[in-house]
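Note that ligands are numbered from 1 as they come in the structure, with each ligand's atoms numbered from 1 the same way.
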Amino acid sequence: MTLPKRIAVLGSTGSIGVQTLDIISEYPGMFRASVLVAGSNVERLIEQSIKHRPDLAIIADPSRYQILQNALSPFGIAVACGSDAVADAMELPQIDTVVTATVGYSGLEPTIRAIKANKDIALANKETLVVAGELVTQLLTHSKSKVIPVDSEHSAIYQCLMGENNKSIRKLLITASGGPFRTKSIEELEKVTVKDALSHPNWSMGAKITIDSATMLNKAFEIIEARWLFGIEPDRIEAVVHPQSIVHSMVEFVDGAVKAQLGLPDMHLPIRFALGDSSRLPTSERSLSITDYSHLEFYKPDTEKFPMINLAYYALRNEGNTACIINAANEIAVAAFLHGQIGYLDIRKVIERSLEKIQFIANPTYDDYVATNSATREFATSILTSI
Ligand code: NDP
Ligand code: MG
């Protein structure tokens with residue numbers, strides 16, 4: 001490939017997006033941001049565009065389009081708005097790799113379009129594989145796209161599997177910090193606030209994934225993500241609580257060997273690894289000093305306190321549109337929790353009620369996922385005031 005590698009950053013204004021632009025700046029000549037996409041934060045998108053000079057900047061929220069155009073036209077940067085423009089842009093010839101750093105269901109369509117256009121994917125948006133893992137995996141078999149995970153656990157597993165044969169895998173061990181409520185009792189969980197849930201002990205991330213980490217649904221999503229990324233059956237994927245977040249995940253092999261990848265809890269490393277196409281790019285950034293950690297702990301997760309972890313196995317056993325329903329109900333419930341409309345424990349109730357109500361589809365097409373997502377969001381919204 002000719003350098004610089006041209007990168008589309010989907011969700012450039014968010015936590016992963018900003019760190020992706022850090023990596024692009026760290027290696028001038030190697031990477032270039034050719035397309036930047038934001039949801040509604042037009043001020044940050046303008047600032048990033050003036051610095052990185054992409055060919056195209058897109059704002060999903062059409063009401064911010066004029067501001068973007070006025071600010072970027074003096075720089076000769078093309079602008080667009082709306083979700084169709086985001087999906088269409090994934091086919092542009094001036095993109096080699098798409099970093100999917102948007103949050104939630106909105107990542108699905110552009111990722112599918114990028115795969116169909118044979119673009120490489122640095123996959124942060126785990127919801128894409130949660131919602132439609134089977135469909136996306138099928139599409140990948142007909143595409144030249146390569147998917148490299150950005151999620152730290154999956155990047156760790158990917159790194160552990162380099163030079164190995166996937167047939168030699170006995171188990172995937174996905175580590176979990178346990179989130180801010182690891183040591184709280186079930187009674188205490190009834191009273192936790194939004195501020196408590198947003199105080200993640202180890203990772204600084206966007207609000208939605210921080211709440212998913214507090215409920216540990218994030219770990220369920222990561223089990224589903226691992227199932228599709230690595231083609232491993234769910235009963236061979238386990239979550240392990242590791243409060244220090246230094247071991248990012250492990251693979252146990254058939255001969256009893258266990259490999260782990262370690263590092264600081266800092267997403268720059270997995271992003272750098274994914275952009276570098278799984279090569280080791282030298283960095284002067286701070287790295288792990290192992291003697292600072294004389295005590296690394298590992299526990300089985302408490303699924304009585306965090307029952308949402310089990311939703312992964314339920315969804316993978318049931319198949320069809322089950323995980324799509326869970327994801328959509330969770331997106332509505334988490335947004336409502338963040339707005340103070342429902343309590344922490346109500347998030348699970350919204351998901352369970354949606355699973356009872358929304359029609360199960362055994363072999364969903366893309367259109368079925370779209371319809372399931374809409375129907376679930378509508379239903380979940382309708383029960384928020386009575387939950
Ligand atoms: P943030 O909430 O910080 O950022 C989300 C980004 O997506 C923002 O740029 C936002 O724009 C943009 N966006 C929101 N809605 C749309 C839309 N409809 N169309 C286009 N862009 C949109 O999230 P994170 O960076 O934390 O997470 C991104 C993804 O990466 C998630 O799927 C998450 O699960 C995954 N991930 C994140 C990790 C982390 O450390 N943060 C770790 C592992 C995985 P705007 O700013 O304008 O709203
Ligand atoms: Mg993760």
Side-chain angles (χ1 to χ4, degrees), residues 8-22 35-48 57-64 67-68 80-87 89-90 98-111 121-131 149-158 174-179 198 200 202-213 216-226 229 239 242 245 247-249 261 263-271 274 327 330-331 334-335 338 373:
V9 189
L10 193 56
S12 65
T13 49
S15 161
I16 294 289
V18 166
Q19 295 178 84
T20 299
L21 291 175
D22 290 343
V35 177
L36 297 182
V37 177
S40 58
N41 187 345
V42 74
E43 291 78 18
R44 189 174 279 179
L45 180 61
I46 290 169
E47 210 178 282
Q48 293 177 332
I58 312 177
I59 189 96
D61 177 353
S63 71
R64 308 294 169 98
I67 306 173
L68 187 68
C81 69
S83 51
D84 288 346
V86 175
M90 300 300 105
V98 177
V99 180
T100 68
T102 183
V103 61
Y105 179 87
S106 67
L108 179 64
E109 194 193 357
T111 307
I121 312 285
L123 186 96
N125 182 266
K126 65 190 85 187
E127 292 90 341
T128 293
L129 289 179
V130 171
V131 170
V150 167
D151 211 349
S152 59
E153 296 77 2
H154 305 74
S155 175
I157 292 169
Y158 191 99
I174 301 188
T175 51
S177 70
L198 283 174
H200 196 283
N202 302 341
W203 295 95
S204 162
M205 310 180 284
K208 193 256 181 188
I209 184 178
T210 305
I211 302 303
D212 289 349
S213 300
M216 292 197 77
L217 184 63
N218 183 51
K219 221 33 66 176
F221 283 177
E222 291 184 351
I223 291 169
I224 298 173
E225 184 184 6
L229 275 174
H242 165 49
S245 298
V247 173
H248 294 308
S249 276
Q261 185 261 329
L264 292 172
D266 179 344
M267 290 305 295
H268 287 97
L269 192 151
I271 297 169
N327 179 70
N330 181 58
E331 285 189 28
V334 168
L338 285 168
N373 178 58

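Heavy atoms from both the backbone and the side chain of S15 come within less than 4.0 Å of ligand 1. Of all the heavy atoms of K208, none lies under 4.0 Å from any atom of ligand 1, so neither backbone nor side chain is involved.
Per-residue contacts place A38 under 4.0 angstrom from the following atoms of ligand 1 (heavy atoms of the residue considered): 11 (O), 20 (C), 21 (N), 47 (O). Each of the atoms 17 (C), 19 (N), 20 (C) of ligand 1 lies under 4.0 Å from some heavy atom of A60. Per-residue contacts place T13 under 4.0 angstrom from the following atoms of ligand 1 (heavy atoms of the residue considered): 8 (C), 9 (O), 10 (C), 11 (O), 45 (P), 46 (O), 47 (O).
When OE2 of E222 and OD1 of D151 are joined through the Mg ion (ligand 2), the resulting angle is 100° to the nearest 10°.
Salt-bridge formation is detected for the pair K208/E127: a Lys NZ or Arg NE/NH1/NH2 atom is positioned less than 4.0 Å from an Asp or Glu carboxylate oxygen. A salt bridge is defined here as a Lys NZ or Arg NE, NH1 or NH2 lying under 4.0 Å from an Asp or Glu carboxylate O, and R44 with E47 fails to meet this definition.
Among the heteroatoms counted here (N, O or S) of E153, OE1 is the one nearest to the Mg ion (ligand 2).
Inclusion of G14 in the set of residues having an N or O under 3.5 Å from an N or O of ligand 1 is warranted.
Atom 21 (N) of ligand 1 has as its closest protein heavy atom T102 OG1, 3.3 Å.
Residues L123 and E225 meet the side-chain proximity criterion, which asks for heavy atoms closer than 4.5 Å.
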